[in-house]
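Letters A, B, ... are given to chains in the order of the sequence lines, protein chains preceding strands, and every chain is numbered from 1. When reading the values below, keep in mind they use all heavy atoms of this one structure, side chains included, and skip hydrogens, waters and symmetry mates.
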2 protein chains.
Amino acid sequence: MRFPSVNRSTTLVEDVCALITRESRKAPGADEWLPPERQLAEKLCVSRQVVREATKRLELQGILEVCHGVGTRVVNRLHSPLNRSFELLMPDRDDRFTKLTEMRVMVEPQLASLAASRASHEDLQAMRLAQSNLESAETQEAAVLADMEFHRALAKAAGNPIAELMLESLAELGKASRSQTIGMVGKAPALAHHATILEAIEARKPDTAAKAMAAHLGAIELHLLKETSHARPKKPLAARS
Amino acid sequence: MRFPSVNRSTTLVEDVCALITRESRKAPGADEWLPPERQLAEKLCVSRQVVREATKRLELQGILEVCHGVGTRVVNRLHSPLNRSFELLMPDRDDRFTKLTEMRVMVEPQLASLAASRASHEDLQAMRLAQSNLESAETQEAAVLADMEFHRALAKAAGNPIAELMLESLAELGKASRSQTIGMVGKAPALAHHATILEAIEARKPDTAAKAMAAHLGAIELHLLKETSHARPKKPLAARS
DNA sequence: TAGTGGTACGTGGTCTGACCACGTACCACT
DNA sequence: AGTGGTACGTGGTCAGACCACGTACCACTA
């Protein structure tokens, strides 16, 4: 009762992927556990090896998490494949951080601009929540989290999932690292900057929002990264007459 | 003579990955074929299944290409995992194209600016080559290729591999699709725009380069994407007094 | 009773060897 | 010289066994 065609694992990945996203859309929040590999193999009429290759693939894509001795669960870590790719591109961690930050400096002011045009009520609500969380944060850790949440909400409001993913990737990279926004400048100034940005977005003033965000990024010393690398071409040109 | 520890495939991926990048750095250009799975398994003292899971992983990362009945070869398609991630994020192809283009519009002018600061002699050379290729292009296809090559060279000159990867991803998406830069505006204007941009970069004038690139992007109707989406918030706000 | 250790079970991880499906290259035939 | 078939090597799948890891339960101890 078997139909041993080829590339089962590839098609299986797509099937299971679709099934998973459908399932998780149906019951979001609940940490779904997949059936055991053996059971899954029987149900899908394939060998365990094929199931394993499929789950491996989905794990690499940040959709599943496989725990030895425990099971396989659905997760949402779409940024992790990005990090992996960047890791291949730039083995040095500081390089990655620098270049990702460079991208952030390029993109985030314009995200603020887009957010000012596009933000829905829910988006604004989320930003306000993050802002009030930052205001009431007691510990450094809580402040950092609230800060990250504000920027995440802003990216979401801008309506560009790719930018969102990129910033997520940067956040992941900077997590247990120095260069946490808050640590640079302190809580109070960050709060003020965010307030200015949020105000501009609520007022639907794209240019003002972009300028405020640029100022924010400049204030947290991110501009230093940009300037230093600006001043250091890979290979200096001969002086031009 | 076996040491059946766990997570062999994970460690193996790293080992093989390092080995491959080292090998391909040593002999670049040569399309390297890996030894057959059985042989590889024996050499690495693991089962064939583990080798297969490792190669699957590396295939997904765009480092290997597995051909049924032929073999496994080293490739360089680091953009493909990005496309896969974006596909998960936005199942609709047009959405992906729109959002990636949006990113491009945000980033590329600033890339031109960075390129004006950082470009090495080799970078400039590459851009000039692409430009002359565009000039001498007879067919539409050759023109499109030369156009893409110019933008790729510019991203490289800007020294940000992440941006480079993102644009590569966009190019891949737009390959067998409408919205090829050239098709929008014709060869002659594109040539003129590129010339202006290149001139600014050679003259080390970041702002001029950025403006020229922005004008170029605007001229090829990419601004339309931006404007329409700007004007269409996901959920209109109530009028503010 | 509360704490502690061991043990059984279910999970993913690996091994083995066999067979199937696909491409290629070679060779006999036309 | 062209054409078809066939043998070989490759990746793809299957089956069943065993290993390694976590957990939960339970008897034992203080």
Quiz item: B:Arg52 side-chain donor-acceptor pair to D:dG11 base, under 3.5 Å:
no
Round to the nearest Å and state the distance from A:Leu40 atom CG to C:dT11 atom C1'.
13 Å
Taking only Watson-Crick and G-U wobble pairs with both distances under 3.5 Å, what dot-bracket line describes DNA chain C, where [ ] shows pairs that cross earlier ones and | shows pairs with another strand?
||||||||||||||||||||||||||||||
Is it true that the side chains of A:His194 and A:Asp147 contain a donor and an acceptor less than 3.5 Å apart?
yes
Whole-Å distance separating the CD atom of A:Glu37 from the P atom of D:dC14
14 Å
Any N or O donor-acceptor pair linking the side chain of A:Arg48 to the base of C:dG13 at under 3.5 Å?
yes
Has A:Thr72 got a side-chain N or O lying under 4.0 Å from the OP1 or OP2 atom of C:dG12?
yes
If I take atom CG in residue A:Asn7 and atom C1' in nucleotide D:dT10, what distance separates them, rounded to the nearest angstrom?
14 Å
All N/O contacts under 3.5 Å from nucleotides 7-10 of chain C to the protein, with atom names and distances to one decimal?
| from | atom 1 | to | atom 2 | distance (Å) |
| --- | --- | --- | --- | --- |
| C:dG10 | N2 | A:Gly69 | O | 2.9 |

Out of curiosity, A:Glu164 CD to A:Leu78 CG, how far, rounded to the nearest 0.5 Å?
10.5 Å
Using every non-hydrogen atom in the two residues, find where A:Met127 and A:Ala153 come nearest and quote the distance to one decimal.
CG-CB, 3.7 Å
With side chains defined as the heavy atoms from C-beta onward, is the minimum distance between A:Pro81 and A:Leu60 less than 4.5 Å?
no
For DNA chain C, whose closest nucleotide is more 5', that of A:Gly71 or that of B:Arg38?
A:Gly71
Find out whether A:Leu191 and A:Glu135 are in side-chain contact, i.e. whether some heavy atom of one side chain is under 4.5 Å from a heavy atom of the other.
yes
Classify the ring geometry of A:His216 against A:His151: parallel below 30°, tilted from 30° to 60°, perpendicular beyond 60°.
parallel
Out of C:dG12, D:dG12, D:dT13, which has the shortest distance to the side chain of A:Gln49?
D:dT13
Compare all side-chain heavy atoms of B:Leu173 with those of B:Phe86 and state whether any distance is below 4.5 angstrom.
no
Among residues 53-61 of chain A, which residues get a heavy atom nearer than 4.0 Å to DNA chain C?
none
If I take atom CD in residue A:Glu65 and atom P in nucleotide C:dG12, what distance separates them, rounded to the nearest angstrom?
13 Å
Is B:Gln125 close to B:Leu129 at the side-chain level, that is, under 4.5 Å between some pair of heavy atoms?
no
For a quick check under 3.5 Å, do A:Ser120 and A:Asp123 share a side-chain donor-acceptor pair by atom type?
yes
Separation of C:dT24 atom P from B:Arg73 atom CZ, nearest Å, is 12 Å
Decide if atom CZ of A:Arg84 counts as having more than 12 heavy atoms of other residues, nucleotides or ligands within a radius under 6.0 Å.
yes
With a cut-off of 6.0 Å (strictly less than), are more than 12 heavy atoms of other residues, nucleotides or ligands near CZ of A:Arg77?
no
